[in-house]
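Only one structure is covered here, and it is reproduced in the block below.
Atoms considered below: every heavy atom in the structure, side chains included; atoms not considered: hydrogens, waters and symmetry mates. Chain identifiers are assigned alphabetically (A, B, ...) following the order of the sequence lines, protein sequences preceding nucleic acid strands; residue numbering begins at 1 within each chain.
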Amino acid sequence: MQEQLLDWYHREARDLPWRRTRDPYKIWVSEVILQQTQVVTGTAYYERFVERFPTVQALAEATLEDVLQAWEGCGYYARARNLHAAAKQITGQPFPETYEGWLALKGVGPYTAAAVSSIAFGYPKAVVDGNVRRVLSRWFAVKEPSDHWLQTTADEQLFHADPSSWNQAVMELGATICTPKAPKCPVCPVKDFCKAYQSGNPTAYPAPKVRAEVKEVQAVALIVGDQHNLYIEKRPEKGLLGGLSGPPLEQVQAGETVEDALKRLLDRLSVPDAKHLGTTEHTMTHRHFVVRVYQAEADLPLSASTAAMSKLDRKILRLLQEKQGALFG
DNA sequence: AAGGCGGGGAA
DNA sequence: TTCCCAGCCTT
């Protein structure tokens, strides 16, 4: 099984940018970006990030604002905050070379510690990510694998002579052949070893996870100024879109009406009244935002909108642009 | 153990 | 639409 998979991997592996380097820093950055972000999406962010911050020293010396700006649009912004904090933590000293050493860094959990230590240093620890979970679940026909079973089994199967290639090979198989919905079993290099394949119904493994419902959130936002020069606020570092900037926003709390939330927003900024511009919507994994957007003239400090903003904030500003475009259109 | 935390690709 | 992605942290 190991020989079949590794032969296939060395033949068919995708040419990905982080596979062209041995630099532990760049491999680390790639693994953090690839946490819950697909390869096709993450590639552009990786190129942008390592060009802006080519070394761990450069990252450690940067401001959080600059780091978040390089991360803008990539989501899960705690990853950027933790990566920045960890860079400050270790810059000037040698990189850890063990699983345990990497695990001690902020934002580095079991997956990332195994990935970086094995890929950059050949440390013998198996990665367990979504791909590996699916591959092992099918390989051994275990429908609801526990985290403990997954790590133990992955470590048992690890190819100790080349942990880097082995870990990447299992993930590559999961990403390109052993996919969730329509696995390409006929061309799978290791189908002869797969119990789910032998069962005749490979997609029954693993059983689908129960997911939390998407909750609807009503909110009001206020634009003062225009899209190039406007009043923006920085959100607290903990919580939703932490550390990012955007036009002032208030969520409609339980038992509150939209008008209540708008009054709270205007009172907070000492703005007497505002004009309704329109409504925009934005869905995240766990929240569906419905944002009523208002505009006002007010004596508030305006600045160029170069700060890092989320997609939600960009949509709010786009509403203003569309209104003004219609005016001249 | 469960919930919070973005955004987007693929079918 | 639905599923899930080279997960981690807090509670």
Side-chain angles (χ1 to χ4, degrees), chain A residues 9 13-14 16-19 27-46 68 71-83 85-86 102-120 125-135 137 144 146-148 150-151 154 164 166-176 178-184 203 206-215 217 235-244 246 281-289 308-315:
Chain A
Y9 175 71
R14 291 169 292 178
L16 303 173
W18 45 88
R19 287 183 177 158
I27 292 169
W28 177 23
V29 169
S30 76
E31 293 302 342
V32 174
I33 287 174
L34 294 173
Q35 290 168 8
Q36 294 294 283
T37 299
Q38 297 184 171
V39 165
V40 279
T41 306
T43 300
Y45 288 101
Y46 169 81
L68 285 172
W71 204 269
E72 181 180 320
C74 193
Y76 284 157
Y77 298 94
R79 294 183 294 175
R81 297 196 301 270
N82 289 334
L83 184 60
W102 281 98
L103 197 56
L105 298 180
K106 288 191 83 174
V108 176
Y111 165 75
T112 307
V116 181
S117 63
S118 68
I119 295 171
K125 185 72 180 179
V127 295
V128 176
D129 72 335
N131 293 305
V132 176
R133 178 175 182 275
R134 191 169 52 253
V135 169
S137 168
E144 297 185 338
S146 70
D147 289 346
H148 180 259
L150 284 166
Q151 188 65 62
S164 169
W166 174 258
N167 277 335
Q168 295 187 80
V170 182
M171 292 192 282
E172 187 85 358
L173 186 75
T176 63
C178 196
T179 51
K181 295 194 178 167
K184 303 170 182 65
T203 55
K209 287 184 174 176
V210 200
R211 294 182 187 282
E213 62 170 325
V214 180
K215 291 175 184 165
V217 178
R235 301 202 176 84
E237 291 206 7
K238 297 214 170 197
L240 191 75
L241 306 176
L244 276 74
E281 302 190 17
H282 182 70
T283 302
M284 303 173 182
T285 302
H286 52 295
R287 296 273 187 277
H288 179 73
F289 273 85
M309 286 189 230
S310 70
K311 300 282 182 183
L312 172 64
D313 297 302
R314 296 288 176 201
K315 275 191 186 174

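In this model, the phosphate group of B:dG7 is approached by a side-chain N or O of A:Tyr77 to a distance below 4.0 Å at OP1 or OP2. Within the 4.0 Å cut-off from OP1 or OP2 of C:dG7, at least one side-chain nitrogen or oxygen of A:Gln36 is found. At least one side-chain nitrogen or oxygen of A:Arg211 sits closer than 4.0 Å to the OP1 or OP2 atom of C:dC4. In terms of phosphate contacts, A:His282 brings a side-chain nitrogen or oxygen within less than 4.0 Å of OP1 or OP2 of B:dG7. Using a 4.0 Å cut-off, some side-chain N or O of A:Lys311 falls inside it from OP1 or OP2 of B:dG8. For A:Arg134 and C:dC5, the shortest distance from a side-chain N or O to OP1 or OP2 is below 4.0 Å. At the phosphate of B:dC5, OP1 or OP2 sits under 4.0 Å from a side-chain N or O atom of A:His286.
Between A:Arg81 atom CZ and C:dT10 atom P the separation is 10 Å, expressed in whole Å. The interatomic distance linking A:Glu213 (CD) with C:dC4 (P) rounds to 18 Å, in whole Å. Rounded to an integer number of Å, the gap from NZ of A:Lys215 to P of B:dC5 is 10 Å.
One P atom belongs to C:dT11, the other to B:dG6, and the distance between them is 16 Å to the nearest Å. Spacing of C1' atoms, C:dC4 relative to B:dC5, comes out at 15 Å, to the nearest Å. Taking atom P on both nucleotides, C:dA6 is separated from B:dG3 by 24 Å, rounded to a whole Å.
Counting any heavy atom pair closer than 4.0 Å across all strands shown, A:Gly73 reaches sugar-phosphate atoms only and no base atom. Within the nucleic acid shown, A:Trp71 has no heavy atom closer than 4.0 Å to any nucleic acid atom.
For A:Leu240, whose side chain is taken as the heavy atoms from C-beta onward, the closest listed nucleotide among C:dC4, B:dC5, C:dA6 is B:dC5. With C:dC9, C:dG7, C:dT2 as the candidates, the nucleotide lying closest to the side chain of A:Asn82 is C:dC9. The A:Thr41 side chain lies nearest to B:dG8 when the options are C:dA6, B:dG8, B:dA10. In this structure, the nucleotide among C:dA6, B:dC5, B:dG6 sitting nearest to the side chain of A:Arg287 is B:dC5. The A:Lys181 side chain lies nearest to B:dA11 when the options are B:dA11, C:dG7, C:dA6. Counting only heavy atoms from C-beta on, A:Leu241 has its side chain closest to B:dG6 among B:dG6, C:dT2, C:dA6.
With hydrogens and angles left out, the side chain of A:Thr37 and the base of B:dG6 share a donor-acceptor pair within 3.5 Å. The base of B:dG4 lies outside donor-acceptor range of the side chain of A:Thr285, with no N or O pair under 3.5 Å.
For the residue pair A:Gln168/A:Arg19, the side-chain donor-acceptor check at 3.5 Å is satisfied.
Between A:Leu83 and A:Trp28, the closest side-chain pair of non-hydrogen atoms falls below 4.5 Å.
Here the side chain of A:Gln151 pairs a donor or acceptor atom with the backbone of A:Ala126 at under 3.5 angstrom.
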